[in-house]
Protein chains: 2
Amino acid sequence: MAETSCIVQHFSLFSDLADSDVELLVQLELDAREYPAGTVLCAAGSPATHFFTLMQGWAGIIRHFPDGRRQVLDLYLPGQIMRLREFGAQQARSDLVALTDVVACPFPRERVDELLAASATLARALILTLTAEQALLTERIVNVARRPAVERLGHFLLELCSRLGGGLRFDLPLNQELIGDLLGLSSVHISRTLSKLRKAGLIEQDDGGVRLLDPDGLSNLSGFNEQYLCRPGGSKTD
Amino acid sequence: MAETSCIVQHFSLFSDLADSDVELLVQLELDAREYPAGTVLCAAGSPATHFFTLMQGWAGIIRHFPDGRRQVLDLYLPGQIMRLREFGAQQARSDLVALTDVVACPFPRERVDELLAASATLARALILTLTAEQALLTERIVNVARRPAVERLGHFLLELCSRLGGGLRFDLPLNQELIGDLLGLSSVHISRTLSKLRKAGLIEQDDGGVRLLDPDGLSNLSGFNEQYLCRPGGSKTD
DNA sequence: CGCCATCTTGAGGTCTATCAATTTCAGTGG
DNA sequence: CCACTGAAATTGATAGACCTCAAGATGGCG
């Protein structure tokens, strides 16, 4: 993990990369830095000159409202390029925050233009990652707009499970308030809903983690279909 | 309109195109076809071999649930490339539906690869349109997850106003059920909420259209900030 | 042991969905 | 010209989901 670049692994999911492509991608991850949980890597309103690759930990894009409401717009896991979404923006529109201790590599946005000029394969891979992110966002709209809390939370857990590799047991280093801000629910209601899922025998919680006891039941309940995740081979393991 | 290609106009918003780029883009719009309102241009589950440029009318991507619930995932206006989001998918995940009478041009997906190989400028423009779409989706998540009905609808109307060019009076060829399916609300509640906006003196409705009487008041109410739309010069007119 | 953040649980209130009845209006045919 | 029709919009009443406020429980950590 430390040896192969995170981002190369991630991009390999989408395209067959030539050695020259790999070389270009590795350049993005030369400047690894550590940020403790809670750090704002990039604040709303600041000039959007840099992107980041995420190597370890979880990060999120958070929108703050004047009245104190909050919304987590995006959840980044290792391998993703963060803030790529704001390629066309002059200023950051939301905060990029380390949700856990994080290792990330900042790089100037011009580097992306160099990638595009150098390799059509990379351009294609970049577009594929963007469309994959769009698919995630789209499912989240369905989730938030149309599903009641139990289904919404169930769907979220299944998505995480798959994005983290498919293991039925995984760490969930987010407090209930953050989960609420991700799903458009209050922290109190997250607590009640998790409790419902536990009592229904669908999940189990231990220190900082979740185990999906009945993934099929959960999928069925929440209308989850992992096609949209664009993962190769999707069978869950543990 | 009929002479300059719709899609070239749209892409020009994002990049300075060389003549050779324009030539490539125009190729996408050779096969203009008419589809009456209600036509399913591409059904969920069918192989995703073609994209479409939209030249006239409104189209939407609609997800149908087994229990009859519906969600409009995306609203396409003239100039956009439709279904680009599913570049990486084997099968369409949702229906692409003509919401009004529509003129659109189907083209095979391989054409996109040709564009990428031929021009880094076009690759960049393509990525910019994708990130602009992501910004739209992101704002929609905020809207649906965090705002009550009045703000949600107000925000939607302001976004439409801007996307349609900024004129305060515009056609709105969607019935209230469709608007509800866009915003995650019931048609009944859309009716009540529109009525509230009218009584508050914020909007006015005539046959098939809306006029924003107090765009600033509406922006203020709904927390709208048009930055995310990536439009050059955003001042509203009329 | 005490402190602080987080989670849990209860009670009451608000927002939105659902069901159902009524109105409006464009289209159609007598 | 008018009655009929069907889709869409309006309006009222009721129910359910979720929020907010507030009080207690839990658990890591100095």
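Every chain is numbered from 1, with letters handed out A, B, ... down the list of sequences.
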task: Give the rounded distance in Å between these two atoms: CD of B/Glu151 and P of C/dT16.
output: 9 Å

message: Does a side-chain N or O of A/Gln176 approach OP1 or OP2 of C/dA5 to a distance below 4.0 Å, or not?
response: no

- prompt: Would you call B/Arg63-B/Asp95 a salt bridge at under 4.0 Å N-O?
  reply: no

field: Any side-chain heavy-atom pair of B/Met82 and B/Leu96 under 4.5 Å
entry: yes

statement: From CG of B/Leu153 across to C1' of C/dC15 the rounded distance in Å is 15 Å

query: Distance from A/Ile81 atom CD1 to A/Leu54 atom CG, nearest 0.5 Å?
result: 11.0 Å

- request: May I ask you to say what A/Leu185 touches in the nucleic acid, namely base, sugar-phosphate or nothing, with a heavy-atom cut-off under 4.0 Å?
  value: sugar-phosphate

statement: Rounded to whole Å, CZ of B/Arg152 lies from P of C/dT16 at a distance of 7 Å

task: Using atom NZ of B/Lys196 as one end and atom C1' of C/dT16 as the other, report the distance to the nearest whole Å.
output: 10 Å

field: Proximal nucleotide (of C/dA11, C/dT8, D/dA8) relative to the A/Arg192 side chain
entry: C/dA11

task: Classify the angle between the aromatic ring planes of B/His155 and B/Tyr228 as parallel (below 30°), tilted (30 to 60°) or perpendicular (above 60°).
output: parallel

- request: Tell me which of A/His189 and A/Asp207 sits closer to the 5' end of DNA chain D, going by the nucleotide each one is nearest to.
  value: A/His189

- prompt: What is the nucleic acid contact for B/Gly184, judged by heavy atoms within less than 4.0 Å: base, sugar-phosphate only, or nothing?
  reply: sugar-phosphate

- prompt: Which of the following nucleotides, C/dT6, D/dA9, D/dC18, is nearest to the side chain of A/Ala149?
  reply: D/dC18

statement: note: A/Ile190, atom CD1; D/dC18, atom C1'; distance rounded to Å ~ 11 Å

field: Any A/Arg198 side-chain nitrogen or oxygen under 4.0 Å from OP1 or OP2 of C/dT8
entry: yes

- prompt: Taking the nucleotide of DNA chain D with the closest heavy atom to each, which residue, B/Val188 or A/Arg147, is nearer the 5' end?
  reply: B/Val188

query: Could you state the interatomic distance from CZ (A/Arg198) to CG (A/Leu213), rounded to the nearest 0.5 Å?
result: 11.5 Å

field: Whole-Å distance separating the CG atom of B/Leu178 from the P atom of D/dA7
entry: 15 Å

task: Could you check whether A/Gly208 gets within reach of a base, just the sugar-phosphate, or nothing at all, counting any heavy atom under 4.0 Å?
output: nothing

- request: Classify the nucleic acid contact of B/Arg146 as base, sugar-phosphate or nothing, counting any heavy atom under 4.0 Å across all strands shown.
  value: nothing

task: Look at the side chain of B/Ser191 and decide which nucleotide, out of D/dG12, C/dT9, D/dA9, has an atom nearest to it.
output: D/dA9

task: Return the value, rounded to whole Å, for the distance between atom CG of B/Leu183 and atom C1' of C/dT16.
output: 14 Å

field: Between D/dA9 (C1') and B/Leu197 (CG): distance, integer Å
entry: 16 Å

